[in-house]
Amino acid sequence: MAVGPMKMRATIAGGNTDVRVLMTHPMTTAQSGQPLHFIQNVVVKQNGKTVLEAEISQAVSRNPVFTFRLKGGAKGDKIEVSWVDNKGDSNKIESAVA
Amino acid sequence: MKRFLAASLLAAALPLAAQDTRKEIQRYQQMIADGSPVELFELEGETLWKKPQGPRNISLEKCDLGLGPGVLKGAYARLPRYFKDADRVMDLEARLLHCMTTLQGRSREEATKRVFGNENEPSEMEYLSAYVAAQSRGMKMAAGTSHPKEKEAFELGRAMFFHRAGGWDMSCASCHGEEGKRIRMQDLPVLSKPEFARPIVATWPAYRVSNSQFKTMQWRINDCYRQMRYPEPKFASDATIALSTYLAVTAAGEPYRGPGTKR
Amino acid sequence: MKTTRRTLIAALGALLLKPLAAFAAWNEQAFGAKTAADALKTLGASSPAASKDIMIEAPQIAENGAVVPIEVSSSIPGTSSIAVLIEKNPFPLAGRFEFRDGALPYVKLNVKMGETSDVRVIATAGGKHFAASREIKVTIGGCGG
Amino acid sequence: MKALFVLGLIPVAVCAQDVQKVLQRDFQPRGQATMDRVVQDGVQRVCTESNDRPPAQLAKQLEADQLKTIAFPQGSLIGDWKNGERIAQNGRGGQWTDAPGAAGGGSCYNCHQLSPQEASFGTLGPSLLRFGATRGNGPEIQRYVYGKIYNAKAYNLCSQMPRLGYSGTLTPEQIKDLVALLLDPSSPVNK
């Protein structure tokens, strides 16, 4: 199944970097009768360095939207967010801080 | 001074639970709008807008939404409106269908096979509506009102809004006719009044968090008639366009803020 | 024969090249726990101290349990991770966030809630665990048709 | 449709017949929702044309006709309030997405407050909290509640309340269970 798009906006707010990222993913739970299919890991990198690692479950809503906050940072910093799901599918997006 | 005092006493007398509930529901609505994945649907819509399709293998990039072929900026805010080439008032979905059949050479039957999607597979109309509507963000809504057929659509829409029929003797006004009313926890805006119609029409089409689906105005009208125990309105028929014309004209002047995020 | 051998090698090669991240850590036991207490035990945070320095920003009433927006942050010095649990969900642990140097102990996310429940947030700092919780009412919106 | 408007001039206001013709052209049957549902009966036509404010004399006549449509069962009209609560919570019944013959619901909580435990209630209709506790549960009030649920238009011609029995959405048994929910002293509504 083709992996859906991601969208990210990283901006400087109050001296820190706010990273808002949207991920297309069904995040199906066993209750919905379909097989479990959800994002398990999310990694956030700032200028190549991993600054945040998350493990999440199918309790996160469909088409997840996260906001993370990184210390300091400046315009042009490279932010990369990637995810991997329980089927091994993955996607990532990279953009510069606006 | 006394009247003011009495009024504030009266306001305090309202059961606090009811006041809090409404305030909390609005806070919930604000928070889901902030954290909404609706932009993902705009992205997919852009891909579809540019994707060559149909027997003629052409994209929709030359589709004229009323401001000239391929002009997207502000086009949605001016719909529904009269289109000379079709001699008909059209809303966004009717116009997209027109371009699919005329530009791409697709049959109406194929293009309308699946106009309402589901959470696993949104429809073309839903993705395209998200993308096109987003290009009117911030622009004042101004549906067509000058052409005789636009006036006709508005009058028909208004009459439909108050027309009682169907298995439960209902009209739109049965639920959207009295201020301050709710169905369960859902506030019911009086859509026949500009001040209540504006914030609503300005946020359709919309992403519905309750079922993670992106919904269009044609779906909204279709699903209301389903719950009013009517038979089904035909997709993009004059009746549905008349009703959305009535709502859009009633809401005219409001800056478009969609695509929205709703319960 | 040759072609089948070549395709076999190619397939094997593809498997090895699968991004290593695909097999990253995921705490099966904690996420599989059916009660908040069990989840916390596997995280080694069985008896967290109540703390007012954990902020939970969430609506008191959610019109629908499919998307409940929650904003969490910790002002406990040295907070290295935050866990979010939905008490009454079939599997309470919803997510664990580890903050390396560079990331502030803050996250905003949407979670699913099966019914009205407490949302419990556990912050870990200097090896110690702290907790805060907030009830969120989940109602049925709409005409239920 | 053309006769509908004097071309070029401001269109003549659209009357109920005109709307009905449009619905008959632009709607289609689906599931149990057949096209006869867009053909207005007297109640729907009078309420539409009078904007829900029918002339008193005409309203009285039509309400009397509607009253005749109610077949009151014999004996007690109080059923099982527990089942009544389920019916009140259930918003289905009569839609094209509902299987014909499947048990429908009354959608009562969409518009009314009933049991105090249910916080998600509507306000289109009056709150029915403690209805039985304040009105008692003798034969007259049982008959009024049963009749009102079966055909609300017999008591108030242009009421927004659906004619739940007359439209076939609810069976007499289901209506008796709702009567119990409202009047039975042991119902949560009356606690």
Side-chain angles (χ1 to χ4, degrees), chain A residues 13-23 25 27-32 36 38-73 77 79-92, chain C residues 14-15 18-33 39 43 57 62 64-74 80-114 117 119:
Chain A
N16 295 316
T17 307
D18 273 1
V19 177
R20 181 169 181 273
V21 60
L22 291 76
M23 309 169 181
H25 201 285
M27 302 298 282
T28 47
T29 65
Q31 277 148 350
S32 53
L36 268 174
F38 61 95
I39 291 174
Q40 293 186 321
N41 295 88
V42 175
V43 174
V44 180
K45 289 186 181 160
Q46 185 181 36
N47 294 329
K49 191 181 69 174
T50 297
V51 290
L52 187 146
E53 279 184 296
E55 294 167 52
I56 60 173
S57 81
Q58 70 271 25
V60 170
S61 302
R62 184 186 187 105
N63 298 330
V65 178
F66 292 103
T67 303
F68 303 117
R69 188 160 289 161
L70 313 182
K71 224 183 322 200
D77 281 354
I79 306 292
E80 183 202 279
V81 178
S82 57
W83 59 259
V84 179
D85 69 18
N86 63 325
K87 285 187 176 157
D89 288 338
S90 63
N91 198 355
K92 71 175 173 20
Chain C
L15 195 62
K18 205 177 200 22
L20 226 54
F23 305 100
W26 190 71
N27 195 327
E28 194 89 26
Q29 219 190 347
F31 283 106
L43 295 174
E57 177 71 20
N64 191 284
V67 174
V68 181
I70 295 177
E71 189 178 22
V72 177
S73 65
S74 157
S80 58
S81 78
I82 284 180
V84 176
L85 298 99
I86 317 292
E87 192 83 41
K88 292 220 180 100
N89 270 7
F91 300 98
L93 182 60
R96 256 190 87 257
F97 302 85
E98 276 179 26
F99 310 102
R100 297 278 182 283
D101 55 28
L104 295 170
Y106 167 94
V107 64
K108 190 171 157 197
L109 70 160
N110 295 329
V111 292
K112 299 174 194 169
M113 290 179 62
S117 164
V119 171

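In what follows, chains carry the letters A, B, and so on, assigned in the order in which the sequence lines appear, proteins first and then strands, with residues in each chain numbered from 1. Given the structure is predicted, the values throughout are model-derived calculations rather than measurements.
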Residues F99(C), V51(A); criterion side-chain contact (heavy atoms from CB on, under 4.5 Å); working and verdict
CA-CA 6 Å; F99(C) 310 102; V51(A) 290; over 6 Å; no
What residues, two or more places apart in sequence or in another chain, satisfy side-chain hydrogen bond (donor to acceptor under 3.5 Å, both in side chains) together with Q29(C)?
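With sequence neighbours excluded, Q29(C) shows a side-chain hydrogen bond (donor to acceptor under 3.5 Å, both in side chains) to no residue whatsoever.
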Can you sort out the partners of S80(C) under side chain to side chain contact (heavy atoms under 4.5 Å, CB included), two or more places apart, ordered by chain and number?
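With sequence neighbours excluded, S80(C) shows a side chain to side chain contact (heavy atoms under 4.5 Å, CB included) to T124(C), given in chain and number order.
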[atom2] on [Y] to [atom1] on [X], rounded to 0.5 Å:
X	Y	atom1	atom2	answer
D101(C)	L70(A)	CG	CG	11.5 Å
E98(C)	T50(A)	CD	OG1	11.5 Å
S57(A)	R96(C)	OG	CZ	13.0 Å
R100(C)	Q46(A)	CZ	CD	13.5 Å

Measure distances from [X] to the heavy atoms of chain C and classify the residue's part below 4.5 Å as side chain, backbone, both or neither.
X	result
R62(A)	backbone
N63(A)	neither
E53(A)	both

Check: N41(A) side chain, A25(C) main-chain N or O, donor-acceptor pair, under 3.5 Å
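Yes, the answer is positive, given that a donor and an acceptor are paired below the 3.5 Å cut-off.
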Would you confirm whether K112(C), through its side chain, and Q58(A), through its main-chain N or O, come within 3.5 Å as a donor-acceptor pair?
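Looks like yes, one N/O pair under 3.5 Å.
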Could you look at [X] and say if it's the side chain, the backbone, both or neither that has a heavy atom under 4.5 Å from chain A?
X	result
P90(C)	side chain
I70(C)	neither
L104(C)	both
F97(C)	both

For each of G95(C), A94(C), G114(C), tally heavy-atom pairs with chain A at distances under 4.5 Å, and name the one with the top tally.
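Heavy-atom pairs under 4.5 Å are most numerous for A94(C).
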Let's test your reading of the structure: which of A83(C), P69(C), A103(C) forms the most heavy-atom pairs below 4.5 Å with chain A?
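That would be A103(C).
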Looking only at heavy atoms, what is the nearest atom pair of [X] and [Y], with distance?
X	Y	value
A59(A)	N89(C)	CB-ND2, 4.0 Å
T67(A)	Y106(C)	O-CE2, 3.5 Å
E55(A)	N27(C)	OE1-N, 2.7 Å

F38(A) and ring-ring contact (aromatic ring centres under 6.0 Å, His included): which single residue from F91(C), F31(C), W26(C) fits?
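Per the ring-ring contact (aromatic ring centres under 6.0 Å, His included) rule, the option paired with F38(A) is W26(C), out of F91(C), F31(C), W26(C).
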